J.: 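Below is one structure. I have some questions about it.
Count residues from 1 along the sequence. Counting starts at 1 for both ligands and their atoms, following the listed order. Just so you know, these numbers come straight off a predicted model, no measurement behind them.
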Amino acid sequence: MIVGIPKEIKNNENRVAITPAGVAALVQNGHSVRVETSAGQGSGFTNEDYKAVGAEIVETAAEAWASDMVMKVKEPLPAEYGFFREGLILFTYLHLAPEPELTRELIDKKVIAIAYETIQLDNGALPLLMPMSEVAGRMSVQIGAQFLEKQYGGKGVLLGGVPGVPKGEVVVIGGGIVGTNAAKMALGLGANVTIIDVNADRLRQLDDLFQGRVQTLMSNSFNIANAVKKADLLVGAVLIPGARAPRLVTEDMVKDMSPGSVIVDVAIDQGGSIETVDRITTHDKPTYEKHGVIHYAVANMPGAVARTSTLALTNVTVPYAVQLANKGYAQAIRDNKALAKGVNVIDGKVAYKAVADAHNLPYASIEEVLLVKN
Ligand SMILES: NC(=O)C1=CN([C@@H]2O[C@H](COP(=O)(O)OP(=O)(O)OC[C@H]3O[C@@H](n4cnc5c(N)ncnc54)[C@H](O)[C@@H]3O)[C@@H](O)[C@H]2O)C=CC1
Ligand SMILES: CC(=O)C(=O)O
């Protein structure tokens with residue numbers, strides 16, 4: 001199989017979908033890899049690094065896309081839709097629930113679109129989302145701490161406080177991978193931390209993990225309103241896999257926050273969990289202010305720490321890419337239930353229920369689609 005690696009084109013997206021180690025793994029399995037020139041630059045990998053392990057360097061995005069399978073990091077942007085074609089395997093983050101136009105293009109062009117973020121193990125874990133959630137969760141607090149500084153428009157609160165002065169209040173909604181990593185960083189800085197989740201078992205685990213050093217709260221609008229009101233830094237970290245993020249923090253709750261507080265809505269890639277997060281921001285201009293509160297809503301946070309993120313991402317994506325390349329997508333999906341859950345669009349049908357529901361489109365299970373192919 002020929003595997004293509006285009007250069008990422010999203011604002012400040014410095015990650016790349018494969019490292020030289022990943023190229024080596026595919027080449028050892030008998031595949032060819034085309035890497036668009038300088039695709040690895042932002043992550044510290046040169047064309048020569050890729051050539052040394054057997055990749056072909058191609059000059060244009062079109063040449064990289066003219067492959068059997070394209071691996072990317074971020075969802076394709078409109079400038080890339082022209083490269084879609086029937087039978088192309090696209091293996092990348094897709095976040096289709098808030099992206100009707102992209103969903104329609106993938107359906108119409110009959111792309112086999114496999115989303116990193118919905119590949120799911122039997123225990124519910126999302127192994128290809130996890131490393132980037134670890135990165136974004138950790139970043140959310142360092143970013144929030146920065147924007148709380150006066151010169152960035154913040155209220156001038158140091159999250160750890162100092163002896164004799166109150167600590168900052170960090171409220172995290174969603175106690176999964178992003179939320180846990182945000183809490184670790186916030187505790188490390190010495191802040192008071194509250195984690196809100198809808199899953200009582202998860203709250204128990206968090207209470208054990210942090211040995212009572214965080215306040216856990218059941219997610220309901222009463223608890224959220226009270227917690228948000230006192231937050232210096234609010235981190236949005238909820239997820240219902242594949243679905244549009246639930247809007248848990250209302251505009252009125254944001255109005256109740258004190259001026260100069262900061263919201264980091266990590267869940268923006270699934271549409272955002274806070275009512276006043278009404279746009280996606282970029283690393284170039286990461287924040288806007290509403291009701292006196294600073295809002296940060298960058299959908300590719302890990303792109304800013306690309307070296308770490310590319311290594312962490314490709315550690316988990318490449319083994320699945322090798323399966324897809326070795327077996328072909330249909331057999332790979334039949335053999336690997338976790339991978340099958342990654343299929344969002346195939347043969348012009350939406351094969352992930354939450355995505356179909358988000359767009360009021362018909363849903364066809366992957367089993368049905370594969371049966372027709374037999
Ligand atoms: N902006 C960015 O650059 C990045 C964004 N993300 C996003 O961050 C979000 C969180 O990801 P993970 O932590 O990996 O997900 P996760 O599945 O590990 O955790 C989500 C948590 O939300 C909780 N939850 C669901 N509904 C809730 C509700 N109504 N109230 C309170 N909690 C609720 C779940 O019980 C779960 O514990 C996702 O949208 C993910 O795509 C991840 C990485 C980078
Ligand atoms: C998860 C995701 O969307 C990202 O890492 O950019």
Side-chain angles (χ1 to χ4, degrees), residues 8 10-17 72-75 92-99 115-121 123-140 143 171-184 194-206 209 216-224 227-228 234-249 263-274 277 280-283 286 296-306 308-310 312-314 316-317 354:
E8 295 297 317
K10 199 174 178 114
N11 183 288
N12 275 288
E13 185 46 79
N14 295 297
R15 286 171 289 179
V16 61
K72 273 180 56 60
V73 177
K74 288 310 284 184
E75 71 283 352
T92 187
Y93 285 122
L94 284 170
H95 303 293
L96 292 182
E99 290 282 351
Y116 293 161
E117 73 275 7
T118 62
I119 290 179
Q120 191 167 30
L121 304 178
N123 67 1
L126 303 164
L128 276 61
L129 180 62
M130 201 178 279
M132 297 303 94
S133 291
E134 290 166 340
V135 170
R138 291 174 189 211
M139 285 178 78
S140 66
I143 286 163
V171 173
V172 181
I173 307 185
I177 306 298
V178 168
T180 304
N181 281 276
K184 279 183 187 167
T194 300
I195 309 181
I196 300 175
D197 202 288
V198 77
N199 178 340
D201 286 333
R202 184 64 193 154
L203 293 176
R204 279 187 198 98
Q205 287 167 358
L206 291 166
L209 176 71
T216 56
L217 284 177
M218 178 49 71
S219 178
N220 56 50
S221 55
F222 180 87
N223 282 343
I224 292 175
V228 166
L234 173 64
V235 177
V238 291
L239 176 66
I240 298 165
R244 205 208 165 287
R247 285 261 163 93
L248 299 174
V249 178
I263 293 175
V264 176
D265 197 358
V266 185
I268 184 64
D269 58 351
Q270 293 290 142
S273 58
I274 287 143
V277 173
I280 295 176
T281 62
T282 62
H283 288 291
Y296 176 101
V298 174
N300 61 331
M301 294 170 66
V305 288
T308 303
S309 300
T310 290
L313 178 63
T314 55
V316 292
T317 53

J.: Are any side-chain N or O atoms of T216 and backbone N or O atoms of I195, one a donor and one an acceptor, separated by less than 3.5 Å?
T.: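 Not at all, since once roles are kept as given, no pair shorter than 3.5 Å links the two residues.
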J.: Please confirm whether P302 comes within less than 3.5 Å of ligand 1 when only nitrogen or oxygen atoms on both sides are compared.
T.: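 No, P302 has no N/O under 3.5 Å of an N/O on ligand 1.
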J.: Can you sort out which atoms of ligand 1 are near G175, meaning under 4.0 Å from one of its heavy atoms?
T.: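 Result: 37 (O).
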J.: Find out whether L94 and E117 are in side-chain contact, i.e. whether some heavy atom of one side chain is under 4.5 Å from a heavy atom of the other.
T.: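 Yes, at least one pair of side-chain atoms sits under 4.5 Å.
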J.: Near L248, which atoms of ligand 1 are under 4.0 Å from a heavy atom of that residue?
T.: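 Under 4.0 Å from L248, ligand 1 has these atoms: 28 (C), 29 (N), 30 (N).
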J.: What is the closest protein heavy atom to atom 42 (C) of ligand 1, and at what distance does it sit?
T.: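 Protein heavy atom with the smallest distance to atom 42 (C) of ligand 1: S133 OG, 3.3 Å.
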J.: Report yes if the side chains of L129 and L239 come closer than 4.5 Å at any heavy-atom pair, otherwise no.
T.: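 Sidechains of L239 and L129: in contact.
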J.: Where the closest heavy atom to atom 33 (C) of ligand 1 is concerned, which of V298, V238, N181 has it?
T.: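 It is V238 that holds the nearest heavy atom.
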J.: Just to be sure I'm reading this right: ignoring hydrogens, which of I240, L206, D269, L217 gets closest to atom 39 (O) of ligand 1? Compare them by their nearest heavy atoms.
T.: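 The nearest heavy atom belongs to D269.
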J.: Nearest protein heavy atom to atom 17 (O) of ligand 1, by residue and atom, and its distance?
T.: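 Closest protein heavy atom to atom 17 (O) of ligand 1: L239 CD2, 3.7 Å.
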J.: Among residues at least two apart in sequence or on other chains, which ones pass side-chain hydrogen bond (donor to acceptor under 3.5 Å, both in side chains) with T180?
T.: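 Here the qualifying residues are R202.
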J.: Any nitrogen or oxygen of A136, side chain or backbone, less than 3.5 Å from one on ligand 1?
T.: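 In this structure, A136 places no N or O atom under 3.5 Å from an N or O of ligand 1.
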J.: Do I268 and V277 make a side-chain contact, defined as non-hydrogen atoms from C-beta onward lying under 4.5 Å apart?
T.: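 Sidechains of V277 and I268: in contact.
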J.: Going by heavy atoms in the side chains, are M139 and V305 under 4.5 Å from each other?
T.: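 Side chain of M139 against side chain of V305, heavy atoms only: contact under 4.5 Å found.
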J.: Give the atom numbers and elements of ligand 1 that come within less than 4.0 Å of a heavy atom of A299.
T.: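 Checking each atom against A299, I get 1 (N), 2 (C), 3 (O).
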J.: Polar pairs, ligand 2 vs protein, N/O only, below 3.5 Å.
T.:
unit_1	atom_1	unit_2	atom_2	d
ligand 2	3 (O)	K74	NZ	2.7
ligand 2	3 (O)	H95	NE2	2.7
ligand 2	3 (O)	D269	OD2	3.4
ligand 2	5 (O)	R15	NH1	2.7
ligand 2	6 (O)	R15	NH2	2.8
ligand 2	6 (O)	K74	NZ	2.7

J.: I'd like to check which ligand 1 atoms, numbered from 1 as shown, lie under 4.0 Å from a non-hydrogen atom of N300.
T.: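 Numbered from 1, ligand 1 contributes 3 (O).
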J.: Answer whether the closest heavy-atom distance between the side chains of M301 and V135 falls below 4.5 Å.
T.: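 They are not in side-chain contact.
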J.: Using a heavy-atom cut-off of under 4.0 Å, does the side chain or the backbone of I177 touch ligand 1, or both, or neither?
T.: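 It is both parts that get close, each with some atom under 4.0 Å.
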J.: Do the non-hydrogen side-chain atoms of P241 and L126 ever get within less than 4.5 Å of each other?
T.: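 Yes, side chains in contact.
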J.: When you compare ligand 1 with M301, is there at least one nitrogen or oxygen pair between them that comes in under 3.5 angstrom?
T.: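 For ligand 1, there is an N or O atom that lies under 3.5 Å from one belonging to M301.
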J.: Atom 34 (C) of ligand 1: which of I268, D197, N199 has the nearest heavy atom?
T.: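 Considering heavy atoms of I268, D197, N199, the nearest to atom 34 (C) of ligand 1 sits in D197.
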J.: List the residues meeting side-chain hydrogen bond (donor to acceptor under 3.5 Å, both in side chains) with K10, not counting sequence neighbours, and say none if there are none.
T.: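 side-chain hydrogen bond (donor to acceptor under 3.5 Å, both in side chains) check on K10 returns E75.
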J.: Could an N or O of ligand 1 be found under 3.5 Å from any N or O of S219, whether backbone or side chain?
T.: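 There is such a contact, yes.
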J.: For ligand 1, which atoms have a heavy atom of G174 less than 4.0 angstrom away?
T.: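 In order of number, 22 (O), 32 (N).
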J.: Give the numbers and elements of all ligand 1 atoms closer than 4.0 Å to a heavy atom of H95.
T.: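 Heavy-atom distances to H95 below 4.0 Å select 41 (O).
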J.: Show me which atoms of ligand 1 lie under 4.0 Å from any heavy atom of M132.
T.: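 Those qualifying, in numeric order: 43 (C), 44 (C).
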J.: For the atom pair OH (Y93) and CG (N300), what is the distance rounded to the nearest 0.5 Å?
T.: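 Answer rounded to 0.5 Å: 11.5 Å.
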J.: By side-chain contact (heavy atoms from CB on, under 4.5 Å), which residues pair with T194, not counting sequence neighbours?
T.: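 side-chain contact (heavy atoms from CB on, under 4.5 Å) list for T194, sorted by chain: V171, I196, Q215, L217, K230.
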J.: With a 4.5 Å cut-off on side-chain heavy atoms, are I224 and S219 touching?
T.: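 Sidechains of I224 and S219: in contact.
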J.: Using a 3.5 Å distance criterion without hydrogens, assess whether the side chain of N14 forms a donor-acceptor pair with backbone atoms of G303.
T.: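 The answer is yes, because a donor-acceptor pair under 3.5 Å joins these two groups.
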